[in-house]
A.B. asks: 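Have a look at the structure that comes next, please.
Not measured: the values here are computed from a predicted model.
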Amino acid sequence: MTADMVAPAWMHEQITAEQYDAWSAEQCAGIEIVDGMVVAGPSASKRHNRLARILANALDAAAGPEWNADTDFDVRLQDVPLVNRRPDVVVYRADTIDLTPTRPEHLLLVVEVVSPGSETTDRIVKVDQYAKAGIAFYWRVEQAATGVPLIYTYVLDPATRAYRDGEMFTGTIKAAVPFSVIVDLGAI
């Protein structure tokens with residue numbers, strides 16, 4: 001192992017919300033914080049990023065003036081121990097665009113595009129974290145070998161703070177959220 005392969009010291013210590021908030025955008029890019037510890041994931045593929053962007057653009061166009069959809073920013077699920085996730089797509093209240101950090105009560109929907117290396121986290125770990133945080137809807141997008149994505153939708157049961165299965169879509173999807181969304185993902 002060379003010196004270039006050793007992670008910086010700050011990646012080996014539990015950090016607080018205050019410490020994380022003081023970091024630069026460059027330090028925060030591409031990482032998540034789970035139980036106060038930095039988790040660096042593999043870089044997303046072009047196909048992954050394109051799918052997330054197309055879905056975010058379609059959700060944003062359909063959402064109207066009350067909701068925004070974006071990619072690549074932190075969602076603060078918990079302050080102590082710090083849990084910051086970076087969903088692939090987030091639909092959030094438009095009136096919270098300037099609030100930092102973005103919190104679960106600002107969100108309607110989070111979407112994770114599953115990639116090699118993120119399967120367990122996206123299918124199990126994040127589902128539980130998002131549900132416990134109270135986020136109303138969760139979508140998991142699987143990149144099928146056929147090139148046509150599969151979209152699994154989940155709806156929060158507020159009484160149990162767990163998701164129940166929603167519908168599964170392939171190719172063309174309609175969202176079961178307060179706005180209608182029609183996206184043809186078959187061309188991706």
Side-chain angles (χ1 to χ4, degrees), residues 25 29-30 32 41 44-77 84-115 118-119 121-159 161-188:
E32 295 181 310
S45 69
K46 289 178 190 173
R47 181 175 301 279
H48 174 112
N49 289 338
R50 179 173 167 69
L51 179 56
R53 183 177 43 80
I54 288 170
L55 186 55
N57 289 344
L59 287 166
D60 196 53
E66 295 179 12
W67 298 97
N68 293 333
D70 278 310
T71 61
D72 195 33
F73 66 85
D74 287 340
V75 173
R76 177 78 46 92
L77 298 179
N84 257 24
R85 288 294 191 179
R86 282 179 104 67
D88 293 309
V89 179
V90 178
V91 176
Y92 60 96
R93 289 192 345 248
D95 64 345
T96 65
I97 193 166
D98 293 320
L99 294 181
T100 301
T102 300
R103 298 201 176 265
E105 58 268 19
H106 305 148
L107 307 179
L108 176 66
L109 164 70
V110 291
V111 180
E112 293 289 352
V113 178
V114 179
S115 293
S118 73
E119 295 95 342
T121 302
D122 292 343
R123 292 179 186 148
I124 299 169
V125 177
K126 288 184 180 180
V127 176
D128 186 54
Q129 289 175 336
Y130 294 148
K132 286 181 178 167
I135 299 170
F137 298 93
Y138 174 70
W139 290 1
R140 188 183 82 237
V141 180
E142 301 276 345
Q143 300 181 67
T146 62
V148 178
L150 302 170
I151 295 87
Y152 298 88
T153 67
Y154 303 90
V155 180
L156 184 67
D157 177 347
R161 287 278 208 192
Y163 287 116
R164 62 177 166 74
D165 291 344
E167 297 183 57
M168 196 264 302
F169 301 95
T170 183
T172 300
I173 60 172
K174 286 186 180 183
V177 291
F179 47 86
S180 297
V181 178
I182 299 173
V183 182
D184 182 11
L185 295 172
I188 297 173

A.B. asks: Can you run down the salt bridge (Lys or Arg N to Asp or Glu O under 4.0 Å) pairs that involve residues 92-106, sequence neighbours left out, and say none if there aren't any?
C.D. replies: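 Residue pairs with at least one partner in residues 92-106: D79-R103, R93-D95.
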A.B. asks: Would a 4.5 Å heavy-atom cut-off, applied to side chains only, mark P104 and L77 as touching?
C.D. replies: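 They are in contact (side-chain heavy atoms under 4.5 Å apart), so the answer is yes.
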A.B. asks: My understanding is that only residues two or more places apart in sequence, or in another chain, count here; which of them pass ring pair (Phe, Tyr, Trp, His ring centres under 6.0 Å) with Y152?
C.D. replies: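 Y152 satisfies ring pair (Phe, Tyr, Trp, His ring centres under 6.0 Å) with no other residue.
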A.B. asks: Is any side-chain heavy atom of L109 closer than 4.5 Å to a side-chain heavy atom of Y138?
C.D. replies: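 SC-SC contact between L109 and Y138 ruled out.
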A.B. asks: How long is the straight-line distance from CH2 of W67 back to OG1 of T96, given to the nearest 0.5 Å?
C.D. replies: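 Between T96 OG1 and W67 CH2, I get 8.5 Å after rounding to 0.5 Å.
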A.B. asks: Quick one: do V89 and W139 satisfy side chain to side chain contact (heavy atoms under 4.5 Å, CB included)? Show the steps, please.
C.D. replies: CA-CA 9 Å; V89 179; W139 290 1; over 6 Å; no
A.B. asks: For V114, does its backbone N or O pair with a side-chain atom of Q143 as donor and acceptor, under 3.5 Å?
C.D. replies: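 Yes, because the side chain of Q143 sits within donor-acceptor range (under 3.5 Å) of the backbone of V114.
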A.B. asks: Using a 4.5 Å cut-off on heavy atoms from C-beta on, say whether the side chain of F137 contacts that of T153.
C.D. replies: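 No, their side chains stay 4.5 Å or more apart.
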A.B. asks: For L107, check side chain to side chain contact (heavy atoms under 4.5 Å, CB included) against everything at least two apart and list the hits.
C.D. replies: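 L107 satisfies side chain to side chain contact (heavy atoms under 4.5 Å, CB included) with V75, V90, Y92, T102, V110, I135 only.
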A.B. asks: Which value, rounded to the nearest 0.5 Å, describes the distance between L51 atom CG and D88 atom CG?
C.D. replies: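 Rounded to the nearest 0.5 Å, the CG-CG separation comes to 8.5 Å.
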A.B. asks: Salt bridge (Lys or Arg N to Asp or Glu O under 4.0 Å): which pairs involve residues 124-147, sequence neighbours left out?
C.D. replies: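 As it turns out, the salt bridge (Lys or Arg N to Asp or Glu O under 4.0 Å) pairs with a partner in residues 124-147, which skip direct neighbours, are E32-K126, E112-K126, D122-K126, R123-E142, D128-K132, R140-E142.
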A.B. asks: Would you please name every residue forming a side-chain hydrogen bond (donor to acceptor under 3.5 Å, both in side chains) with S115, sequence neighbours left out?
C.D. replies: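 side-chain hydrogen bond (donor to acceptor under 3.5 Å, both in side chains) list for S115, sorted by chain: H48.
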A.B. asks: Which pair of non-hydrogen atoms, one from A56 and one from A69, has the smallest distance, and what is that distance?
C.D. replies: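 Heavy-atom minimum between the residues: O-CB, 3.4 Å.
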A.B. asks: What is the minimum heavy-atom distance between P65 and A94, and which atoms define it?
C.D. replies: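 Distance-wise, the nearest heavy atoms are O-CB, 3.3 Å.
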A.B. asks: Tell me every residue that passes salt bridge (charged side-chain N to carboxylate O under 4.0 Å, His left out) with D74, counting only those two or more places apart in sequence or in another chain.
C.D. replies: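 D74 satisfies salt bridge (charged side-chain N to carboxylate O under 4.0 Å, His left out) with R86 once adjacent residues are dropped.
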A.B. asks: What's the shortest heavy-atom distance between A136 and Y163, and which atoms?
C.D. replies: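 That would be O-CE2, 3.9 Å.
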A.B. asks: Within this structure, what is the OG1-CG distance for the pair T71 and N57, rounded to the nearest 0.5 Å?
C.D. replies: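 The distance works out to 8.0 Å.
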A.B. asks: Going by the rule side-chain hydrogen bond (donor to acceptor under 3.5 Å, both in side chains), which residues pair with N49 if we only count those two or more places apart in sequence or in a different chain?
C.D. replies: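 Result, side-chain hydrogen bond (donor to acceptor under 3.5 Å, both in side chains) vs N49: none returned.
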